[in-house]
S.K.: 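Handing you a structure now.
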Number of protein chains: 2
Amino acid sequence: MSPRSSLAEAARTRSAILARGAAVASVEGLAGLTIGRLAADLGMSKSGLLGPFGSKESLQLQVVEAAADVFWREIWEPVADRPAGLARLAAVCGSWVRYLADPAFPGGCFFVAAASEFDDRPGPVRDLVLGYAERWHRELREQARRAVADGDLPAGTDPEQLVFELTGLVLALHQALRLRHDPDGVSRACRGMARLLGVPVQPTA
Amino acid sequence: MSPRSSLAEAARTRSAILARGAAVASVEGLAGLTIGRLAADLGMSKSGLLGPFGSKESLQLQVVEAAADVFWREIWEPVADRPAGLARLAAVCGSWVRYLADPAFPGGCFFVAAASEFDDRPGPVRDLVLGYAERWHRELREQARRAVADGDLPAGTDPEQLVFELTGLVLALHQALRLRHDPDGVSRACRGMARLLGVPVQPTA
DNA sequence: CACTATAGCGAACGAACGTTCGGCCGCTAT
DNA sequence: ATAGCGGCCGAACGTTCGTTCGCTATAGTG
């Protein structure tokens with residue numbers, strides 16, 4: 001668009017491509033993301049868009065990374081200062097629910113969609129998505145583990161099981177909101193989480 | 001393949017197309033299903049395959065219907081003779097888990113994938129998937145409602161909330177099995193369901 | 001035994017896919 | 001001032017997409 005170009009402009013172009021790419025992919029899917037569509041959306045040529053990335057797969061991988069940055073910034077960082085353990089776990093649950101109710105991308109949570117889309121398609125994209133999913137899982141489990149160690153959750157509580165069920169509530173919320181357009185999804189997810197954690201969960205950071 | 005053709009053969013061809021279509025779509029996605037790929041898989045020509053359906057969207061819709069038949073037959077029918085209420089609800093949960101652990105399609109549960117893929121894509125396919133999802137949801141809720149009415153679940157239990165959380169456990173199981181390849185997913189889902197229902201849940205019809 | 005209906009094939013269509021290549025043009029550095 | 005670097009474009013590539021249009025060959029009907 002802008003007639004000026006420079007290294008700074010190039011970086012901004014790259015960011016715009018990735019942001020738009022994540023937005024489109026959250027709706028159409030990461031595989032349904034096409035160079036031509038993306039270029040048209042941004043008023044660029046296909047070659048100019050593909051240039052900084054080299055291939056579609058490379059573009060996909062960097063879109064996933066960009067979406068992971070957004071995910072982390074929107075959900076984790078706002079509650080990172082809460083005391084480790086139950087307080088932080090409850091806070092991140094509330095933050096997570098808020099993110100699904102008011103998502104950064106038009107298609108809702110990017111990773112819920114990407115995880116389902118690539119769970120059976122081997123390759124670098126799946127590996128990357130899986131890596132982020134496991135990192136997130138580990139982070140939550142660590143908070144759950146501390147909550148149990150601190151005595152804030154009943155002794156004998158299995159942190160892995162707790163994370164499994166919390167994740168399930170988030171996935172159910174995603175489906176309730178995006179497919180069924182159920183306005184009660186948020187309160188149901190919060191209620192389920194509160195029962196698992198023994199403390200209130202509210203959809204805010 | 002077979003040199004003979006007849007009305008009966010045509011029906012069998014149609015079934016083969018839909019079966020293979022559902023299998024491919026469970027992995028590649030319903031949108032990623034292509035006529036050429038499907039025709040090559042079945043040793044047919046593209047035109048011969050598209051003939052009985054007329055358009056790709058019509059094919060997609062009939063693939064969804066075929067997958068719904070399989071879903072219903074594999075999960076609901078084996079437990080339809082259980083007494084309505086908690087017994088049937090617990091049985092269908094076990095049947096549901098078994099289906100996810102040993103799915104009829106190579107990509108796992110067709111509807112988990114389709115719901116996520118089309119949740120943000122308006123059109124007939126989304127409408128059809130949503131219709132089946134709501135029908136399933138209603139069926140489960142009815143069993144939950146009866147279980148409460150029968151006194152088999154604590155008074156004041158919200159059937160809708162119960163179905164929401166059961167669905168969440170299934171979605172978490174799908175992700176654990178297909179993305180994370182977690183061998184403990186089945187037992188975790190059953191444990192969560194048993195806690196919600198107050199009775200054991202086992203992954204068998 | 002001819003007659004009709006139809007399942008499926010083969011070829012072709014325009015459009016869109018991802019990718020490559022050469023050149024323009026504005027920035028940066030000498 | 002000028003040389004060079006690099007972001008981006010325009011055009012074209014070979015492939016695959018969904019779809020259409022005759023055609024053949026076979027199965028059921030009189």
Side-chain angles (χ1 to χ4, degrees), chain A residues 1-22 24-25 27-64 66 117-118 121 123-126, chain B residues 1-22 24-25 27-64 66 117-118 121 123-126:
Chain A
M1 270 309 188
S2 146
R4 339 207 138 270
S5 88
S6 69
L7 289 85
E9 285 295 334
R12 209 166 313 156
T13 299
R14 205 190 86 103
S15 297
I17 294 173
L18 294 179
R20 183 74 191 174
V24 172
V27 174
E28 313 280 352
L30 207 39
L33 185 78
T34 68
I35 314 285
R37 155 77 191 275
L38 201 48
D41 280 7
L42 294 168
M44 293 181 64
S45 66
K46 291 200 293 175
S47 55
L49 188 143
L50 195 57
F53 304 99
S55 74
K56 179 179 178 179
E57 186 175 75
S58 168
L59 170 63
Q60 287 176 322
L61 292 171
Q62 298 192 42
V63 164
V64 172
E117 186 180 6
F118 278 87
R121 300 203 218 179
V125 176
R126 191 201 121 96
Chain B
M1 265 314 185
S2 148
R4 338 207 139 270
S5 88
S6 70
L7 289 84
E9 286 293 335
R12 208 167 314 156
T13 299
R14 204 190 87 104
S15 296
I17 293 173
L18 293 179
R20 184 74 192 175
V24 172
V27 174
E28 312 279 353
L30 208 38
L33 185 80
T34 69
I35 313 286
R37 154 78 191 275
L38 201 49
D41 281 8
L42 294 168
M44 295 181 63
S45 66
K46 291 201 292 175
S47 55
L49 187 143
L50 195 57
F53 304 99
S55 73
K56 179 179 179 179
E57 186 175 74
S58 168
L59 171 63
Q60 287 176 321
L61 292 171
Q62 297 192 43
V63 165
V64 172
E117 186 181 7
F118 277 87
R121 299 204 217 180
V125 177
R126 191 200 121 95

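Protein chains get the first letters and strands the later ones, always in sequence-line order, with residue 1 at the start of each. What you see below is based on every heavy atom in this structure, not just the backbone, and it leaves out hydrogens, waters and symmetry mates. This structure is a prediction, so every number in the text was calculated from the model and none was measured.
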S.K.: Once you round it to whole Å, what is the distance between C1' of dG7(D) and CG of Leu42(A)?
M.R.: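 One finds 15 Å between C1' of dG7(D) and CG of Leu42(A), rounded.
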S.K.: Residues two or more places apart in sequence or in another chain: which of them pass side chain to side chain contact (heavy atoms under 4.5 Å, CB included) with Ser45(A)?
M.R.: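 For Ser45(A), the residues satisfying side chain to side chain contact (heavy atoms under 4.5 Å, CB included) (neighbours in sequence not counted) are Ser47(A).
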S.K.: Between atom CG in Leu38(B) and atom P in dT19(D), what is the gap in whole Å?
M.R.: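 Distance, rounded to whole Å: 13 Å.
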S.K.: For Arg20(A), what residues pass the side-chain hydrogen bond (donor to acceptor under 3.5 Å, both in side chains) criterion, not counting sequence neighbours?
M.R.: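 In terms of side-chain hydrogen bond (donor to acceptor under 3.5 Å, both in side chains), with neighbours along the sequence ignored, Arg20(A) is linked to Asp41(A).
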S.K.: Got a second to check how far Lys46(B)'s NZ is from Arg37(B)'s CZ, nearest 0.5 Å?
M.R.: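 Lys46(B) atom NZ to Arg37(B) atom CZ measures 14.5 Å (nearest 0.5 Å).
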S.K.: Give the rounded distance in Å between these two atoms: CZ of Phe53(A) and C1' of dT20(C).
M.R.: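 Those two atoms, CZ and C1', are 18 Å apart.
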S.K.: Without decimals, in angstroms, what is the distance between Arg12(A) CZ and dG7(D) P?
M.R.: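 These atoms are roughly 15 Å apart.
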S.K.: Mind checking Leu49(B) for me? I need base, sugar-phosphate or nothing, with any heavy atom below 4.0 Å counting as a touch.
M.R.: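 No contact.
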S.K.: Sequence neighbours left out, what passes side-chain hydrogen bond (donor to acceptor under 3.5 Å, both in side chains) with Arg14(B)? Give chain and number order.
M.R.: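 Listed in chain order: Gln62(B).
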S.K.: Can you list everything that forms a side chain to side chain contact (heavy atoms under 4.5 Å, CB included) with Leu59(A)? Sequence neighbours excluded, please.
M.R.: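 Counting only residues at least two positions away or on another chain, Leu59(A) forms a side chain to side chain contact (heavy atoms under 4.5 Å, CB included) with Ile17(A), Leu18(A), Leu33(A), Ile35(A), Leu38(A), Leu49(A), Phe53(A), Val63(A).
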S.K.: Once salt bridge (charged side-chain N to carboxylate O under 4.0 Å, His left out) is applied, what residue pairs with a partner in residues 47-61 of chain B remain, sequence neighbours excluded?
M.R.: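 For residues 47-61 of chain B, and leaving out neighbouring residues, there are no salt bridge (charged side-chain N to carboxylate O under 4.0 Å, His left out) pairs at all.
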S.K.: Met44(B) has an atom CE; how far is it from atom P of dC9(C), in whole Å?
M.R.: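 To the nearest whole Å, that distance equals 5 Å.
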S.K.: Separation of Leu50(B) atom CG from dG8(C) atom P, in whole Å?
M.R.: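 Atom-to-atom, Leu50(B) to dG8(C), this comes out as 13 Å.
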S.K.: Could you encode protein contacts along nucleotides 10-17 of chain D as a string, one character per nucleotide from 5' to 3', using B for base contact, S for sugar-phosphate-only contact and - for no contact, with a heavy-atom cut-off of under 4.0 Å?
M.R.: B------B
